[in-house]
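Here the structure comes first, spelled out in structure tokens, and everything after it is commentary.
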Amino acid sequence: MDKEFILQFPNLSIATCLSLPNDHNLLRSNSFEKTFENILETRDVFDMKKYKLNIGYNVHDNNEKDFESFLKLISNNKINCMIYFTNIVNYYGTKFHNKMSYKEFEKISIEKFYPLLYEYGFSIEGLLPSFGFSRKCSGFNTLSIKLYSNGVRSMCSLFGKDLKNVEEKETKVNPLKLNHLPDKCIKCYDYPYCGGLRPCIKCDGV
């Protein structure tokens, strides 16, 4: 990602995950230096209204105490972005295990994270969930896709890029079927929360 690439788009929203170096490198294969370097090299682009940078802080039981230091890092480097945070979901087959419950995550979010975002001048508009903190993404929303530089498209991070299409992913990776969004509610469905079907908050699904 560089300025030349970003400036090809009339408008663009970019999302990445970041935490302090030791934590980030443990979770994301020693990629902190390169990720942060890219952010610093492109940060002035995000001062333009048509380009937005969203940085996600993946929370677990060993890094919640570092959130303020993380905000200081972003603020001191004058990075114009939206900061959001999520409680890391535990998946089978991985060595990492997050011991933080959703109840603990909700308490920390309300008592610590949101006040810190406000204190350091970051926007909290649009971050407060309408249906509670326990709603988590499982990678099944048909609108959540990840595009790779080799042209492969996969469904969010839950699926590896070695599989060719959705049908193979459904049978080989997870037995759950991908549920399409209902046509009757497609215009006002609450896209950011993809934990399953529920009445639309704008038209009650009618």
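The basis for the numbers below is simple: all heavy atoms, side chains too, and nothing from hydrogens, waters or symmetry mates.
Residue Leu27 is found in a hydrophobic cluster whose other members, listed by chain and number, are Ile88, Phe96; membership requires side-chain heavy atoms under 4.5 Å apart, directly or through intermediates.
Between Ser31 and Thr35, the shortest heavy-atom distance links the atoms O-OG1, 2.8 Å. The minimum heavy-atom distance linking Asn98 with Asp61 is given by the pair OD1-N, 3.1 Å. The minimum heavy-atom distance between Phe36 and Ile74, with the atom names listed, is CE1-CD1, 4.5 Å.
By the neighbour-count criterion of 12 heavy atoms within 6.0 Å, atom OH of Tyr120 is densely surrounded, having more than that number from other residues, nucleotides or ligands. Residue-environment remark: CD (Glu119) exceeds the threshold of 12 foreign heavy atoms within 6.0 Å. Summarising the local packing, NZ of Lys107 is surrounded by 12 or fewer heavy atoms from other residues, nucleotides or ligands at distances under 6.0 Å. The local environment of NZ in Lys78 is sparse, with at most 12 non-hydrogen atoms from other residues, nucleotides or ligands closer than 6.0 Å. Crowding of Asp44 atom CG: a count of heavy atoms from other residues, nucleotides or ligands under 6.0 Å exceeding 12. Few gaps surround CD on Glu68; more than 12 heavy atoms of other groups in view lie less than 6.0 Å from it.
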Inset, instruction - Let me see the working for Tyr114 and Phe85 under ring-ring contact (aromatic ring centres under 6.0 Å, His included), right down to the final yes or no. - result: CA-CA 10 Å; Tyr114 285 113; Phe85 44 87; 5.1 Å; yes

Which pairs of donor and acceptor atoms, one on a side chain in residues 7-21, lie under 3.5 Å apart (sequence neighbours left out)?
residue	atom	partner	partner atom	Å
Ser13	OG	Asn54	ND2	2.9
Ser19	OG	Asp23	OD2	2.7
Ser19	OG	His24	N	3.2

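Not a single donor-acceptor pair under 3.5 Å links the side chain of Asn90 to the backbone N or O of His97.
With no hydrogens or angles considered, no side-chain donor-acceptor pair links Thr42 and Asp2 at under 3.5 Å.
Interatomic distance, CG of Asn63 versus OH of Tyr57, reported as 3.5 Å (0.5 Å rounding).
Put simply, the side chain of Ile39 does not reach to within 4.5 Å of the side chain of Asn77, judged on heavy atoms. For the pair Arg28 and Asn58, the minimum side-chain heavy-atom distance is below 4.5 Å. Looking at Arg43 and Leu53, their side chains never come closer than 4.5 Å, going by heavy atoms from C-beta outward. The closest side-chain heavy-atom distance from Phe46 to Ile6 is below 4.5 Å. Side-chain contact between Phe113 and Val59 is present, with heavy atoms from C-beta onward closer than 4.5 Å.
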